[in-house]
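Just below is one structure, and these are the notes that go with it.
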Amino acid sequence: MDKRVEILIDNLKKRNISGEYFESLEDAKEWLVDSIPKGVIIGVGNSQTLKKMNISTILLEKGHVVYDKTLSKTREEAKTIKKKALLSDWYLTGTNGISLDGAIVNIDHSGNRAAAMIYGPDRVIIIIGTNKIENSLEEAIYRARNVAAPQNAKRAGLNPPCVEANKCVDCRSDDRVCNNILIIEGQVDKNRMTVVIVEEDIGF
Ligand code: SF4
């Protein structure tokens, strides 16, 4: 394991957040699927990393109830799924940046993902590639706004100025994707949140 990952896991521990490390996304997926108890209701945040894992399909096949808005057919259905996911037992998500000292930075358009990470689900699993680790909180926020936000906007079919500029210009666009910027500094319950770190460049 890389020294930086070791440092990050140590620092997460000091914030009541556990860390797990895997060399590949495939190994992380195996661990995740085996860790989720039978019958658990799962909320899934919109994440390229989770999409790459095909996690919702796998968990549905295992008989779990899965609330993943990307599987909805209409806007109304997506809204209902997002609300239900807030009260799921487990919540799976990616994030947009993490500082070496363990602060987790999330940019969120409507706020459903950030809300579920903060409160509601009993267990929250955040899966990141090592490309999301930054030296400082400032750099993690910079990453979220200048690297993640433009790509997330494009993926969602939105067109705030950062899509063309490829950097944040602190816009007031109707398509603004960073209406919410959440920094998770720690957890009350040390068994609630786990950051799964994968030795790969994945997600935005
Ligand atoms: S403020 Fe606007 S330009 Fe900056 S990241 Fe958010 S959406 Fe993009």
Side-chain angles (χ1 to χ4, degrees), residues 4 8 11-12 15 17 25 43-53 67-72 74-83 85-86 91-121 124-186 193 195-198 200-204:
R4 274 163 67 82
L8 173 58
N11 286 332
L12 285 167
R15 297 172 182 267
I17 299 169
L25 194 59
V44 178
N46 194 3
S47 145
Q48 280 300 102
T49 309
L50 292 172
K51 279 270 166 250
K52 207 171 167 192
M53 285 172 128
Y67 294 125
D68 176 350
K69 74 155 190 182
T70 66
L71 303 178
S72 62
T74 63
R75 222 180 154 82
E76 250 343 276
E77 194 189 351
K79 206 170 156 188
T80 306
I81 287 174
K82 286 198 277 186
K83 281 187 187 172
L86 293 176
Y91 194 77
L92 316 180
T93 179
T95 193
N96 305 117
I98 186 164
S99 65
L100 210 48
D101 74 347
I104 303 165
V105 178
N106 313 275
I107 271 190
D108 207 344
H109 184 214
S110 62
N112 62 295
R113 185 174 66 107
M117 289 169 93
I118 297 175
Y119 196 82
V124 175
I125 311 288
I126 301 166
I127 304 180
I128 61 159
T130 44
N131 54 316
K132 303 263 176 95
I133 305 171
E134 297 288 351
N135 288 330
S136 65
L137 174 59
E138 290 67 32
E139 285 172 75
I141 294 171
Y142 182 90
R143 183 188 194 287
R145 295 191 90 145
N146 294 277
V147 179
Q151 294 185 71
N152 277 322
K154 212 167 170 183
R155 176 186 61 170
L158 299 168
N159 194 26
C162 53
V163 169
E164 203 164 312
N166 221 18
K167 61 174 186 178
C168 175
V169 295
D170 195 16
C171 74
R172 296 293 177 268
S173 159
D174 287 346
D175 278 359
R176 183 175 170 129
V177 285
C178 56
N179 290 318
N180 305 282
I181 298 185
L182 165 70
I183 301 165
I184 296 174
E185 292 275 8
M193 187 170 277
V195 176
V196 174
I197 304 152
V198 182
E200 286 183 26
D201 274 15
I202 29 171
F204 306 147

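If you're wondering where the values come from, they're calculated on a predicted model, not measured in any experiment. Whatever order the structure lists ligands and atoms in, that order sets their numbers, starting from 1.
- In the vicinity of Val177, heavy-atom distances shorter than 4.0 Å reach the ligand 1 atoms 7 (S).
- Evaluated by nearest non-hydrogen atom to atom 6 (Fe) of ligand 1, the leading choice among Pro150, Ala153, Ser173, Cys178 is Cys178.
- Coordination check, Cys168 versus atom 6 (Fe) of ligand 1: failed, since every N/O/S atom of the residue sits at 2.8 Å or beyond.
- Arg172 has a carboxylate O that lies under 4.0 Å from a charged side-chain N of Asp170, or vice versa, which qualifies the two as a salt bridge.
- Of all atoms in ligand 1, numbered sequentially from 1 with element shown, those under 4.0 Å from a heavy atom of Arg176 are 1 (S), 7 (S).
- Contacts between Ala149 and ligand 1 below 4.0 angstrom, taking non-hydrogen atoms only, involve the side chain exclusively.
- Looking at Cys171 against ligand 1, both its backbone and its side chain come within 4.0 Å, counting heavy atoms.
- Under the 3.5 Å distance criterion, with hydrogens and angles disregarded, no donor-acceptor pair is assigned to the side chains of Ser173 and Asp175.
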**Request:** Evaluate the side chain to side chain contact (heavy atoms under 4.5 Å, CB included) criterion for residues Ile104 and Ile17: first the C-alpha distance (whole Å), next the side-chain angles of each, then the deciding distance (0.1 Å), finally the verdict.
**Result:** CA-CA 10 Å; Ile104 303 165; Ile17 299 169; 4.0 Å; yes

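- With respect to atom 8 (Fe) of ligand 1, the closest heavy atom belonging to the protein is Cys162 SG, 2.3 Å.
- Taking the side chain as every heavy atom from C-beta outward, Ile128 and Thr49 never approach each other to under 4.5 Å.
- Side-chain atoms of Glu77 and Thr80 include no donor-acceptor pair closer than 3.5 Å.
- Of the N and O atoms on the side chains of Asn106 and Thr95, at least one donor lies less than 3.5 Å from an acceptor on the other residue.
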**Request:** Check step by step if side chain to side chain contact (heavy atoms under 4.5 Å, CB included) holds for Asn96 and Asn152.
**Result:** CA-CA 10 Å; Asn96 305 117; Asn152 277 322; 3.6 Å; yes

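- Contact atoms of ligand 1 toward Asp170: 1 (S), 4 (Fe) (distance under 4.0 Å to a heavy atom of the residue).
- Close approach to Pro160 involves these atoms of ligand 1, each under 4.0 Å from a residue heavy atom: 7 (S).
- For ligand 1 and Arg145, the ligand atoms under 4.0 Å from any heavy atom of the residue are 1 (S), 5 (S).
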